[in-house]
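Numbers restart at 1 for each chain; the letters A, B, ... are given by sequence-line order, proteins then strands.
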Protein chains: 2
Amino acid sequence: MLSNLYEFTLMTSNKKYVIDIDLDYENIVQKIEHFLGKFLLEIYGNCSAVFDGRIKSTLGLGDRLLIIKIDQTILLHELRSLKPINWQLPGVGKLEFKLINSGENKQDIKQTNNYLLELYTFRPKTNESFTVVFENIYSLRAITGRENSEINIEGNEADMQSYLVQNPSLIEDDIKIINREYNTPIGKIDLIGKDKNGKTVLIELKKSLITPADAFQIVRYREIIMKIWNKPENIRSMIIGSKISEKLYFYLKEHEIEFKEIKWNEIFPSIPRKKKKKLNDFFSKNT
Amino acid sequence: MLSNLYEFTLMTSNKKYVIDIDLDYENIVQKIEHFLGKFLLEIYGNCSAVFDGRIKSTLGLGDRLLIIKIDQTILLHELRSLKPINWQLPGVGKLEFKLINSGENKQDIKQTNNYLLELYTFRPKTNESFTVVFENIYSLRAITGRENSEINIEGNEADMQSYLVQNPSLIEDDIKIINREYNTPIGKIDLIGKDKNGKTVLIELKKSLITPADAFQIVRYREIIMKIWNKPENIRSMIIGSKISEKLYFYLKEHEIEFKEIKWNEIFPSIPRKKKKKLNDFFSKNT
DNA sequence: CGTGCCAGGTGCCTT
DNA sequence: AAGGCACTTGGCACG
């Protein structure tokens with residue numbers, strides 16, 4: 001049964017409106033649907049959920065926060081943990097709310113008074129359905145605002161690549177970078193260099209821990225370059241990263257892949273990072 | 001300046017409390033901190049943010065929803081998209097709110113009246129800091145509830161593995177599964193079988209699209225098994241999956257890795273799935 | 001803890 | 001649309 005806590009508010013950056021302070025079964029679905037796709041919707045209450053698609057997940061009753069964003073992304077969040085316990089990506093074909101009754105016996109909803117609010121979505125692209133049923137709703141609100149999101153990211157792989165192009169000696173003495181993001185049929189090679197002996201060096205850049213898959217990448221690049229360039233004798237392969245497991249290190253050695261350790265976290269704090277207006281106060285960590 | 005929209009509410013599953021309806025600069029930090037770690041906190045307002053750690057991300061002003069969960073997970077959500085624009089994992093050592101003033105000139109906060117609310121967190125484990133500054137707060141609420149989360153997942157890789165063990169003929173005639181999750185120094189082999197000719201078959205299971213890295217995995221497993229078992233002549237390698245690109249298919253062939261196509265999405269809906277009480281109504285998709 | 005690997009991975013970009 | 005790959009990948013399981 002929908003709780004008597006139910007309250008429906010609308011937040012804008014200018015004003016707060018109370019849409020409903022008490023239950024209004026007759027219009028709740030219609031009212032919710034009015035905000036779909038134009039506002040971010042939050043429903044907090046006791047619900048269960050089922051996702052069916054790539055996998056099937058069945059979620060028992062619990063108090064959760066359902067967020068329906070403007071682009072129809074759906075997130076069902078619990079009170080702990082980073083990731084939503086269930087979600088639906090944007091691109092749903094249908095997003096329907098309806099009142100259902102909770103009893104096994106299918107009486108008329110208006111007579112039983114056992115209202116449950118059901119959200120059903122279907123995403124044609126992936127053939128995935130998502131259903132949430134609220135047994136209790138504690139609050140409901142719609143949110144709107146200015147969507148100005150300028151994000152600036154520094155210290156990602158692209159940044160490191162640029163930095164190495166500027167400072168090739170970090171890789172090894174007298175190496176020259178001759179290609180960057182070199183296109184092959186199987187992907188792009190981060191960097192290609194010529195060493196002091198004129199040998200080609202295929203370089204794969206990794207910001208975080210090297211994985212076996214990373215090793216494979218560079219092996220395949222060597223294969224494809226040897227095939228395309230037809231110079232089997234002159235190719236070196238190298239992975240540059242900050243961390244590698246011992247096992248994988250020896251594996252690379254066995255397969256004639258060099259590992260060059262560069263501690264990005266030691267280099268990057270020393271690189272003057274671009275500053276943004278009005279955000280100087282934030283840069284307290286490195287000062 | 002903190003908005004006059006500011007409102008602080010507390011939601012429980014029994015009752016809604018209005019903590020503040022108007023601004024109270026003096027106590028806002030203290031009041032927020034009172035709920036930290038015990039309630040889920042939501043702050044909706046106009047904010048900027050800086051994350052500094054594995055990467056440095058600087059986020060300009062925008063209207064966003066900040067969620068601080070009970071375990072101190074922090075999510076900064078925009079009005080669109082699945083992933084938060086910024087976040088902090090649980091395990092922060094510090095989580096501090098404080099009022100700062102907005103002007104360049106560092107006057108006394110209480111005199112300028114230009115209050116900004118700053119959230120600063122530091123996560124020692126990863127050396128990551130996260131700062132959010134609200135120029136405007138539209139609403140603030142604390143949420144509590146029953147945290148009962150029983151989730152049941154079917155159709156993941158583990159499920160498929162079990163299903164193949166039960167139905168090995170899906171792989172090929174007269175194959176016997178002799179190992180499951182077989183431990184090697186470089187990882188676990190999903191399945192090991194013996195075919196009708198007594199040959200060992202190393203099997204890698206993939207639920208979704210086969211990637212080049214998956215091919216590498218099975219090649220490495222073959223290498224290590226040949227080394228450990230010392231039977232180079234009797235090893236077959238196989239990837240089982242539902243989908244593979246043409247290029248990769250030929251790559252596998254070149255490297256003597258067999259590909260066995262099994263359409264999981266055709267098999268799994270036909271497997272009677274466990275049903276949960278009270279959720280029968282959800283299972284409308286497959287009926 | 002590290003190591004390995006799945007994930008309903010998601011998101012971004014290129015062909 | 002498919003491929004390729006980075007991501008503050010997150011999360012789990014196991015030695």
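Put simply, the residue from Lys260(B), Gln217(B), Glu204(B) that forms a side-chain contact (heavy atoms from CB on, under 4.5 Å) with Ile239(B) is Glu204(B).
Residue Lys188(A) has no polar side-chain atom (N or O) positioned under 4.0 Å from OP1 or OP2 of dG3(D). Between dA6(D) and Lys206(A), a contact under 4.0 Å exists linking OP1 or OP2 to a side-chain N or O. At the phosphate of dT9(D), neither OP1 nor OP2 sits under 4.0 Å from any side-chain N or O atom of Trp87(B). For Thr211(A), no side-chain nitrogen or oxygen approaches OP1 or OP2 of dG4(C) to under 4.0 Å. Using a 4.0 Å cut-off, some side-chain N or O of Gln217(A) falls inside it from OP1 or OP2 of dA6(D). Between Arg54(B) and dT9(D) there is a side-chain polar atom (N or O) within less than 4.0 angstrom of OP1 or OP2.
Distance CG (Leu82(B)) to P (dG9(C)): 13 Å, rounded to an integer number of Å. If you take OH of Tyr249(A) and P of dT3(C), they are 14 Å apart, rounded to a whole angstrom. The distance between atom CH2 of Trp264(A) and atom P of dC7(D), rounded to the nearest whole Å, is 12 Å. Between the OH atom of Tyr182(B) and the C1' atom of dC5(C) there is a distance of 19 Å, given to the nearest Å. Glu128(B) places its CD atom 12 Å from the C1' atom of dT9(D), with the value rounded to the nearest Å. Atom CG in Leu75(B) sits roughly 12 Å away from atom P in dG10(D) (whole-Å rounding). Counting to the nearest Å, the P atom of dA7(C) and the CD atom of Gln161(B) are 11 Å from each other. For the pair Leu89(B) CG and dG11(D) C1', the interatomic distance rounds to 10 Å; values are reported in whole Å.
Note on ring orientation: taking the six-membered ring where Trp is involved, the planes of Phe259(A) and Tyr249(A) are perpendicular (angle over 60°, cut-offs 30° and 60°).
The nearest heavy atom of DNA chain D to Glu157(A) and to Lys125(A) marks one nucleotide each, and the one closer to the 5' end goes with Lys125(A). In this structure, Lys243(A) and Gln88(A) both approach DNA chain C, and ranking their closest nucleotides by distance from the 5' end singles out Lys243(A). Mapping Asn156(A) and Ser81(A) onto DNA chain D via the closest heavy atom, the residue that lands nearer the 5' end is Asn156(A). Both Ser208(B) and Ile244(A) lie near DNA chain C, and the one whose nearest nucleotide falls closer to the 5' end is Ile244(A).
Residue-level contact check: Glu204(B) touches the backbone only, with heavy atoms under 4.0 Å from sugar-phosphate atoms and none from bases. Nucleic acid contact class of Ile186(B) (heavy atoms, under 4.0 Å, all strands): sugar-phosphate only. Across all strands, Phe216(A) comes closer than 4.0 Å to no nucleic acid atom at all (heavy-atom distances). In this structure, Pro212(A) reaches the sugar-phosphate backbone alone: every heavy-atom distance under 4.0 Å involves primed, P, OP1 or OP2 atoms, never a base. Across all strands shown, Pro185(A) has heavy atoms under 4.0 Å from sugar-phosphate atoms exclusively, and none from any base.
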Item to check | Residue pair Glu181(A), Gln161(A): steps toward the side-chain hydrogen bond (donor to acceptor under 3.5 Å, both in side chains) verdict | outcome: CA-CA 9 Å; Glu181(A) 299 285 340; Gln161(A) 193 183 106; 2.9 Å; yes

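For dG15(D), its base never sits under 3.5 Å from the side chain of Asn183(B) at any donor and acceptor pair.
For the pair Arg220(B) and Tyr251(A), the cation sits on the ring face: its NZ or CZ lies under 6.0 Å from the ring centre, inside 45° of the axis.
With P as the reference atom, dG11(D) and dG11(C) are 15 Å apart, rounded to whole Å. Annotation: dG4(C) and dG8(C) have their P atoms spaced 22 Å apart (nearest Å). Taking atom C1' in both dC6(C) and dC7(D), one finds a spacing of 16 Å when rounded to whole Å. Between the P atoms of dG4(D) and dT8(D), the separation comes to 23 Å (whole Å).
Ranking dG4(D), dG4(C), dG9(C) by closeness to the Lys247(B) side chain, first place goes to dG4(D). Picking from dG11(D), dG4(C), dT8(D) the nucleotide with the shortest atom distance to the side chain of Lys83(A) gives dG11(D). Set against dC5(C), dG8(C), dG3(D), the side chain of Leu209(B) has dG3(D) as its closest nucleotide.
Between Trp229(B) and Tyr221(B), a ring centre-to-centre spacing not shorter than 6.0 Å is recorded.
Asn167(A) places no side-chain N or O within donor-acceptor distance of the main-chain N or O of Leu170(A), the cut-off being under 3.5 Å.
When only modelled atom types and interatomic distance are considered, Thr211(B) and Asp214(B) share a side-chain donor-acceptor pair under 3.5 Å.
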